[in-house]
Amino acid sequence: MSERFKVTYSTLASPDPRLHQLYEEAVVQAKANFGKNYPMFINGEERFSEKVFEKRSPINLDWVMGTFQYGTVQDVNDAVAAAKAAFPAWSRRPWQERVALIRKAADLISDRLFEMAANMSLEIGKNRLEALGDVEETADLFRYYADAIEKNNNFNFPLLSESEKHHNRSVLKPYGVWVVISPFNFPGALAGGPASAALVAGNTVILKPATDTPLTAWFITQCLRDAGIPTGVFNFITGSGRVVGQSLLDHPDVAGVTFTGSYEVGMHILRTFATARYPRPVIAEMGGKNPVIISKKADLDKAAMGVMRSAFGLQGQKCSACSRVYVHADVKEAFMEKLLALTSQINVGDPTIKENWMGPVANQSAYEDYQKFVADLREHGNVVFGGKTLEVPGYNGYFAAPTIVDNLPLDHPLWKVEMFLPIVTIAPFADLEEAMALANDVEYGLTAGFFSQDEAEIQWWLDNIEAGVLYVNRPSGATTGAWPGYQSFGGWKGSGSTGKAAGSFYYVQQYMREQSQTIVD
Ligand code: NAP
Ligand code: MG
């Protein structure tokens, strides 16, 4: 694409009309490409399987976007062998060359911004600005990790020396074959981000994307290929998590893994990956059950806007989505009125159409979960908005209304379950300490939000909330929204295994191990 747009926070806040036009042209083009058969990419070659699976759009199940390969254990073995064979040369190459290649791939992603975003909207039901953001964030993660290697001289530092005859250094070195397993909800950033970090650090990579989002991962594969990634250094394999994912993890030649997805699968990986002959690193980024506390000293307009955007953006399917709100009893009624007014303005429908801020939920099991959760919430609480699936004329898709639930008893299990749907539950509180105890009383600790105009209250909240990503008084997203270099993004407790966040100072080092080198003259 010749016309290049730099998408940032500010472009997304007030998009240029040309941005809309280019996106709309790309949607037409993406639809013209429906129905192709897409390969895997193993040892520098396209590979097809005997068995394929269809990828249909959740916007309209009649849209068969393409077919993808059901990878087999043989494909896994071949990909690991290729990555292992490519590791010595790739890891010993001057780091400047790896940095240059990753930057080139980032530029190729930016060049294909509209094409990738349009396909991503169709693939997973993201609205246009969310999809454009995800694609450009992917490219910026590539750049961020390349910059991190460069700024730190590839983490090669002198140590103290006993005498002039001693030359002591600390160096970081890559591990080897690194597996990246990614989720459906940020199919660009959460596949490309970890893959680029692993690669620029000198590892070779096998990417296994979510079965719902193989197409975005194929675009990333093409950008790396076109940037000139050497044979075997990057491999892309599709198929089920249980077969392809699990056999990658069970392979003895895999040195490390980055998993982003649910708590259940992440904990399973953490437990089973440790049964090998020696410890191997696992970066597991898992779910959230993200709370917002609204003090009686809050600006309620900001609070309502922030909660609405975080609860319902991407149909509530962000790991950072706000799913619990604790609001001071004195201001609850006023807050609810504002939240309902904003929520009633949301259009749900084909998210490639500008007017529709919400698209469909991701897949059939999410659609069924929604109906199951809503039935439970209706029985035990008060559904004050939404709570129903929606028919959109002309579409056969998984549309569900944004849903606000009041009066759900605090001991109801759904206060602790990550529903991962456009559902938010609201409860009043009498004092802030009580709200803090509730907010922290879950297995998760990913993001959290607070609304108050009182500085002492804000400091108290920052000091006590147990989560990795905090936002105070943020109308553009009470618990959501992060960009490399602007917000570090990583979870505490059951939301993340390392305590080090993506898009920040300590991330890329996790793909390397330290070696101390003492040389005596
Ligand atoms: P998921 O169901 O846990 O799947 C994630 C990935 O794991 C998919 O590629 C899946 O493949 C694969 N997988 C499943 N079982 C596996 C196994 N036994 N061995 C190896 N791989 C396996 O998650 P999701 O539904 O795609 O994504 C939603 C979840 O991700 C939510 O919980 C959300 O909070 C979390 N998330 C967390 C973050 C974060 O940064 N902390 C960011 C985004 C999302 P298949 O698709 O083929 O099953
Ligand atoms: Mg899933």
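Whatever order the structure lists them in is the order used to number ligands and atoms, beginning at 1. For the single chain, residues carry numbers from 1 onward in sequence order.
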* **Heteroatom distance test (K208, ligand 1): nitrogen or oxygen, under 3.5 angstrom** => yes
* **Chi angles and distances behind the side chain to side chain contact (heavy atoms under 4.5 Å, CB included) call for V233, F87** => CA-CA 7 Å; V233 171; F87 177 69; over 6 Å; no
* To do: Select the closest option to atom 25 (O) of ligand 1 among F184, Y444, F273, judged by heavy-atom distance.
  => F184
* Structure fact -> Taking only non-hydrogen atoms of L190 and a 4.0 Å limit, the atoms of ligand 1 in range are 42 (C), 43 (C)
* Asked: Which is it for E418 and ligand 1 at heavy atoms under 4.0 Å: side chain, backbone, both or neither?
  -> side chain
* How does L248 reach ligand 1, if at all, at less than 4.0 Å between non-hydrogen atoms: by side chain, backbone, both, or neither? -> neither
* Asked: Will you find, in the side chains of S247 and D250, an N or O donor that is under 3.5 Å from an N or O acceptor?
  -> no
* To do: List every atom of ligand 1 that sits less than 4.0 Å from any heavy atom of L446, numbering the atoms from 1 in the order shown and giving each element.
  => 41 (N)
* Asked: Who are the salt bridge (charged side-chain N to carboxylate O under 4.0 Å, His left out) partners of E130, not counting sequence neighbours?
  -> K318
* Asked: So how far is it from I124 CD1 to N363 CG, rounded to the nearest 0.5 Å?
  -> 7.0 Å
* **Element-labelled atoms of ligand 1 that are located less than 4.0 Å from some non-hydrogen atom of S240** => 47 (O)
* Applying a strict 4.0 Å limit to heavy atoms, is S182 in contact with ligand 1? -> yes
* Near I181, which atoms of ligand 1 are under 4.0 Å from a heavy atom of that residue? -> 6 (C), 7 (O), 9 (O), 12 (C), 20 (C), 21 (N)
* Structure fact -> One finds that the ligand 1 atoms under 4.0 Å from a non-hydrogen atom of S262 are 1 (P), 3 (O), 23 (O), 29 (C), 30 (O), 32 (O)
* Rounded to the nearest 0.5 Å, what's the gap from SG on C319 to OH on Y444? Could you check? => 11.0 Å
* With atom 19 (N) of ligand 1 as the reference point, say which of G241, C319, G261 has the nearest heavy atom. => G241
* Distance-only side-chain donor-acceptor flag, S310 / Y471, under 3.5 Å -> no
* **Straight-line distance of S365 OG to D212 CG, nearest 0.5 Å** => 7.5 Å
* How does F489 reach ligand 1, by side chain, by backbone, by both or by neither, if only non-hydrogen atoms under 4.0 Å count? -> side chain
* Apply side chain to side chain contact (heavy atoms under 4.5 Å, CB included) to the pair V80 and L248, showing each step before the final yes or no. => CA-CA 8 Å; V80 174; L248 281 167; 4.1 Å; yes
* Structure fact -> CD1 of I237 to CZ of R47, rounded to nearest 0.5 Å, is 8.0 Å
* Would you say F420 contacts ligand 1, with heavy atoms under 4.0 Å as the rule? -> yes
* For ligand 1, indicate whether the residue P209 contacts it via side chain, backbone, both or neither (heavy-atom separation under 4.0 Å). => backbone
* Can a cation-pi geometry be assigned to K208 and F259, taking NZ or CZ under 6.0 Å from the six-membered ring centre and within 45° of the ring axis? -> no
Under 3.5 Å, which donor-acceptor pairs link side chains of residues 195-203 to any protein atom two or more places apart or in another chain?
from	atom 1	to	atom 2	distance (Å)
S196	OG	G192	O	3.0
S196	OG	G193	O	2.8
N203	OD1	Y175	N	2.8
N203	OD1	G176	N	3.0
N203	ND2	A198	O	3.0
N203	ND2	Y511	O	3.0

* **Interatomic distance, H380 atom NE2 to T425 atom OG1 [nearest 0.5 angstrom]** => 14.5 Å
* Side-chain H-bond candidate by donor/acceptor type, Y38 with T238, under 3.5 Å -> no
* To do: Check whether any N or O atom of M286, backbone or side chain, sits under 3.5 Å from an N or O atom of ligand 1, and answer yes or no.
  => yes
* **For Q246, atoms of ligand 1 separated by under 4.0 Å from a heavy atom** => 17 (C), 18 (N), 19 (N), 20 (C)
* Judged by modelled atom types alone, do Q74 and D78 share a side-chain donor-acceptor pair under 3.5 Å? -> yes
* Looking only at heavy atoms, is any part of T211 under 4.0 Å from ligand 1, and if so is it the side chain, the backbone, or both, or is it neither? -> both
* Record the part of T260 in heavy-atom contact with ligand 1 below 4.0 Å; permitted values are side chain, backbone, both and neither. => both
* Going by the order shown, which atoms of ligand 1 are within less than 4.0 Å of some heavy atom of L249? -> 19 (N), 20 (C)
* Structure fact -> In ligand 1, the atoms that come under 4.0 Å of a heavy atom of G287 are 32 (O), 34 (O)
* Region of D212 engaging ligand 1 - heavy atom pairs below 4.0 Å -> neither
* Would you please determine whether G239 falls within less than 4.0 Å of ligand 1 on a heavy-atom basis? => yes
* Asked: Where does N185 meet ligand 1, judged by heavy-atom distances below 4.0 Å: at the side chain, the backbone, both, or neither?
  -> side chain
